[in-house]
Amino acid sequence: MIKIYDSYSKDYKEVITKSINMYVCGITTSDYCHLGHAFSSVSFEILDRFLTSKGFNVTRIQNFTDVDDKIIAKSIEEKISAEEVSEKYIDAFFQDMDELGVKRANHYPKATDEIYNIIEFIKKLEEKNLTYSINGSIYFRVSKFAKYGKLSSRDINNSLSGTRVNENLDKESVGDFALWKSSKPDEPYWDSPWGKGRPGWHIECSSMVLNTIGDTVDIHGGGIDLIFPHHENEIAQSEALNGKKFANIWMHNGMVKIQGEKMSKSLGNLIKLKDALEIFGADLLRMWILSSHYRKPLLYDEKIINSFSKPLNRIKDAINLIPIAYEKKLESKKEFDQFNLALSNDLNTSVALSQIISLSKKINNSNNELDISFAQNNLNKMLEITGLCQNIKNENNDKDIFIDEEIEQLLEKRNNYRKSKEFSKADEIRDELLKQGIEIVDNGFNSVWKKV
RNA sequence: GGCGACGUAGCCAAGUGGUCUAAGGCCGAGGUCUGCAAAACCUCUAUUCGGCGGUUCGAAUCCGCCCGUCGCCUCCA
């Protein structure tokens, strides 16, 4: 049984249907990805990998918001078109996420490719008298949707009057939000029944879900900072449109924090993913992300991330050790089962990672007594589900090393030289094997062999 | 001001009423092995879960109050 915490019902929900579609809110293409994007992407990617490993048929969709104020501002600043800005950062997104080893989603729809559907969506809302128009902009009338505020536990009547809400006197009510924004001169625009303009932010996700998945999406995900107003607004417009439940499970990942504060655009304390990849590499970043639960805040600290380099080396050793055909095999069922159980329990990656490390230690410790090949198999499955060490594994698959009789004799010969203290002859054999891609690690006279 | 989350060892972190005298990792202290090399491995490191009460046969886990930190209410993953 696989359980996921649902932010809407504030309770755990079981993933039941064999076919699962996921819609994850993606990035605004106005800048390079930062570690918050990495956290979110890896979290939902691992759910995808895990469900797939359990036989579910997963369709994952992640959008690009490729038209908005920040993109327009950047296009003016850099004197290029908004499209060129978006294209640049979409390319960068894929480059960085690929390097992090994030399994690609099935579709990456763009807001600008969705304009027709968005206009149709708004027209239907209009027909239902859920909207009003001011100077060519169309707004959703929040008071028309009774359940507004349920996801974010907000009472619209008193909580939206806080000091930080920007009073927009044009709107009937502060909570109302734009479905369509009329364009100012020199801004990108699309023709619509309401004149030249562009979509509001929230409507693209509702439209994409409807047109790529249908009325109801199984799992809708995104950062916890999107709960209000973004996801609240998505629910309002989608459910008001067709009366169907919009998402069965709402899944929200926590925020990356740096020096006690949220890493965010407004605070300007971002660490770009591409910079972090350069400093730490994909595997350390991934272990850092796995080490904490996806709904909790993730603390950025170079020391913390680097603290995974030792356990990472253990894992690498465990998959690189060359197994010897002993009669008795090393048991790994317990770790493998615990690993799966942990991920089934609202994606407890921290415990899953601990099982990977424990099994790695067991493998490293038994290569001279037990057949580790079965345990390595399980370890590889665990690594694949968590996306760890995938580059190393791929490299190793290219060179299929095994210990044949000839090599075994060489190894025995070398240890005899060592026993008789003819070290230069022993070292010659070590160098020879190294050329063949085999590294010898001595444990007394019980040497083990690793793929290099 | 409204709403919400969190507070576990020096640090990161798991823990959805009993197997918790609390997983895993880092750091630290010992140790095994050792020609070199690099490791690897083992042992130790919270009788205690922010504080105070309560519920219960039993609480880190549930309830109340207090203290502290953070998030959302503005673009945000």
Side-chain angles (χ1 to χ4, degrees), chain A residues 3 5 7 10-12 24-28 30 33-44 62 65 68-70 73 149 152-155 157-166 174-175 201 221-230 232 252-257 260-267 270 287-288 291-293 295-299 301 303-314 317 321 338 342 345-346 348-358 361-362 364-367 417-419 421-424 426-427 430 439-446 448 450:
Chain A
K3 286 184 302 181
Y5 183 80
S7 314
K10 276 93 180 158
D11 203 356
Y12 296 89
V24 182
C25 285
I27 62 160
T28 301
S30 60
C33 290
H34 59 257
L35 288 175
H37 300 128
F39 184 26
S40 182
S41 294
V42 168
S43 298
F44 293 106
Q62 184 167 10
T65 301
D68 95 315
D69 291 344
K70 281 200 168 68
S152 56
S153 315
R154 235 164 267 258
D155 180 356
N157 293 319
N158 58 41
S159 71
L160 290 177
S161 57
T163 50
R164 294 164 79 185
V165 171
N166 241 345
V174 285
W201 174 35
I224 203 166
D225 55 346
L226 298 183
I227 286 179
F228 191 88
H230 186 55
E232 198 71 74
H252 292 102
N253 67 276
M255 297 291 102
V256 174
K257 288 172 74 177
E261 280 180 319
K262 175 188 170 187
M263 189 176 279
S264 75
K265 289 184 186 173
S266 50
L267 291 169
L270 304 171
M287 284 183 83
W288 168 59
S291 73
S292 137
H293 189 86
R295 286 194 279 122
K296 292 262 179 80
L298 179 62
L299 273 48
D301 181 321
K303 266 193 216 140
I304 293 172
I305 300 176
N306 279 128
S307 77
F308 293 103
S309 52
K310 260 193 187 177
L312 177 60
N313 281 334
R314 286 201 190 116
D317 276 351
L321 281 174
Q338 291 291 328
N345 187 11
D346 195 26
N348 189 333
T349 52
S350 179
V351 168
L353 180 63
S354 77
Q355 295 308 308
I356 288 178
I357 294 171
S358 299
K361 283 164 74 172
K362 257 172 96 171
N364 293 334
N365 202 22
S366 350
N367 198 32
Y417 281 134
R418 289 175 67 216
K419 281 172 192 163
K421 299 201 191 297
E422 297 174 79
F423 298 122
S424 59
D427 289 348
R430 181 163 64 185
E439 184 191 352
I440 299 177
V441 180
D442 293 330
N443 282 318
F445 288 104
N446 250 344
V448 296
K450 291 195 303 189

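Because only heavy atoms are used, hydrogens play no part in the values below, and waters and symmetry mates are left out as well, while side chains stay in. Numbered from 1 within each chain, the chains take letters A, B, ... in sequence-line order.
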| Which is true for A/Gly254 with a 4.0 Å heavy-atom rule: it touches a base, it touches only sugar-phosphate, or it touches nothing? | base
A/Leu321 atom CG is separated from B/rA39 atom P, nearest whole Å, by 15 Å
To the nearest angstrom, the CD1-P distance between A/Ile440 and B/rA37 comes to 16 Å
By side chain to side chain contact (heavy atoms under 4.5 Å, CB included), A/Ser7 pairs with (sequence neighbours left out) A/Leu151, A/Trp250, A/His252
The ring pair (Phe, Tyr, Trp, His ring centres under 6.0 Å) partners of A/Tyr5 (sequence neighbours excluded) come to A/Tyr12
Ring pair (Phe, Tyr, Trp, His ring centres under 6.0 Å) filter on A/His230, not counting sequence neighbours, yields A/Trp201, A/His202
Table of protein N/O atoms under 3.5 Å from nucleotides 4-13 of chain B N/O atoms:
| residue | atom | partner | partner atom | Å |
| --- | --- | --- | --- | --- |
| B/rA13 | O2' | A/Ser350 | OG | 3.0 |

Per atom distances to the A/Phe228 side chain, the nearest of B/rC72, B/rG24, B/rC75 is B/rC72
With the side chain defined as heavy atoms from C-beta on, A/Val351 is closest, among B/rA23, B/rG24, B/rA38, to B/rA23
When rounded to whole Å, the NE2 to C1' distance for the pair A/His252 and B/rC72 reads 12 Å
* For A/Val256, report the nucleic acid contact type (base, sugar-phosphate, nothing); a contact means any heavy atom under 4.0 Å. => base
Please tabulate, for side-chain N and O atoms in residues 303-312 of chain A, each donor-acceptor pair with protein atoms closer than 3.5 Å (sequence neighbours left out).
| residue | atom | partner | partner atom | Å |
| --- | --- | --- | --- | --- |
| A/Ser307 | OG | A/Ile304 | O | 2.7 |
| A/Ser309 | OG | A/Asn306 | O | 2.8 |

Rounded to whole Å, the CD-P distance (A/Glu261 to B/rC72) equals 10 Å
- request: Check whether any side-chain heavy atom of A/Lys262 sits under 4.5 Å from a side-chain heavy atom of A/Pro297, and report yes or no.
  value: no
Among B/rA14, B/rA77, B/rU16, the one nearest any side-chain atom of A/Ile27 is B/rA77
Quick note, A/Arg154 side chain, CB onward, closest among B/rA39, B/rC73, B/rG24 is B/rC73
Counting primed atoms, P, OP1 and OP2 as sugar-phosphate and everything else as base, the B/S/- map of nucleotides 27-35 of chain B against protein heavy atoms under 4.0 Å is S-----SSB
**Report entry** Whole-angstrom distance between B/rU61 and B/rG18, as gauged at atom C1'
**Finding:** 11 Å
Across all chains, not counting sequence neighbours, the ring pair (Phe, Tyr, Trp, His ring centres under 6.0 Å) partners of A/Phe423 are none
Of the candidates B/rC70, B/rG15, B/rC75, the side chain of A/Asn348 sits closest to B/rG15
Separation of B/rC3 atom P from A/Glu232 atom CD, nearest Å, is 15 Å
Just to be sure I understand the rule, does A/Asp317 reach a base, reach only the sugar-phosphate, or reach nothing, if contact means heavy atoms closer than 4.0 Å? sugar-phosphate
Quiz item: Touch check for A/Ser307, heavy atoms < 4.0 angstrom, all strands: base, sugar-phosphate only, or nothing?
Solution: sugar-phosphate
Hits for salt bridge (Lys or Arg N to Asp or Glu O under 4.0 Å) against A/Lys361, two or more places apart or cross-chain, chain-then-number order -> none
Note: for A/Gln355 and A/Val441 on RNA chain B, the residue whose nearest nucleotide lies more 5' is A/Gln355
Nearest-nucleotide check on RNA chain B, A/Leu270 vs A/Leu267; residue mapping nearer the 5' end is A/Leu267
Residue set satisfying salt bridge (Lys or Arg N to Asp or Glu O under 4.0 Å) with A/Asp301, at least two apart, ordered chain then number -> none
Give me the distances for all protein-to-nucleotides 41-44 of chain B N/O pairs that come in under 3.5 Å?
| residue | atom | partner | partner atom | Å |
| --- | --- | --- | --- | --- |
| B/rC41 | OP2 | A/Arg314 | NE | 3.0 |

- Taking atom P in both B/rU55 and B/rG68, compute the distance separating them and give it to the nearest angstrom. 28 Å
### Nearest-Å distance once atom P is located in both B/rC44 and B/rA23
12 Å
Whole-Å distance, A/Met255 CE to B/rC72 C1', equals 10 Å
Sorted by chain and number, sequence neighbours left out, salt bridge (Lys or Arg N to Asp or Glu O under 4.0 Å) with A/Glu261 holds for none
query = So does A/Lys70 reach the base of B/rC75 with its side chain, donor to acceptor, closer than 3.5 Å?
reply = yes
Rounded to whole Å, CD1 of A/Ile224 lies from C1' of B/rA77 at a distance of 11 Å
How is A/Lys303 classified with respect to the nucleic acid when contacts are heavy atoms under 4.0 Å: base, sugar-phosphate, or nothing?
-> nothing
Exercise. With distance as the sole test, does A/Thr349 use its side chain to make a donor-acceptor pair with the main-chain N or O of A/Ala352 at under 3.5 Å?
Worked result: no
Just checking A/Met287: base, sugar-phosphate only, or nothing, at a heavy-atom cut-off of under 4.0 Å? nothing
_Side chains of A/Glu439 and A/Arg430, heavy atoms from C-beta outward: is any pair under 4.5 Å?_
no
task = Run the numbers on A/Asn253 and A/Ser40 for side chain to side chain donor-acceptor pair (under 3.5 Å), then give the verdict.
result = CA-CA 6 Å; A/Asn253 67 276; A/Ser40 182; 3.2 Å; yes
Applying a 4.0 Å non-hydrogen cut-off, can you work out what A/Lys419 is touching in the nucleic acid: base, sugar-phosphate, or nothing?
nothing
A/His37 atom NE2 is separated from B/rC75 atom P, nearest whole Å, by 15 Å
Salt bridge (Lys or Arg N to Asp or Glu O under 4.0 Å) filter on A/Arg314, not counting sequence neighbours, yields none
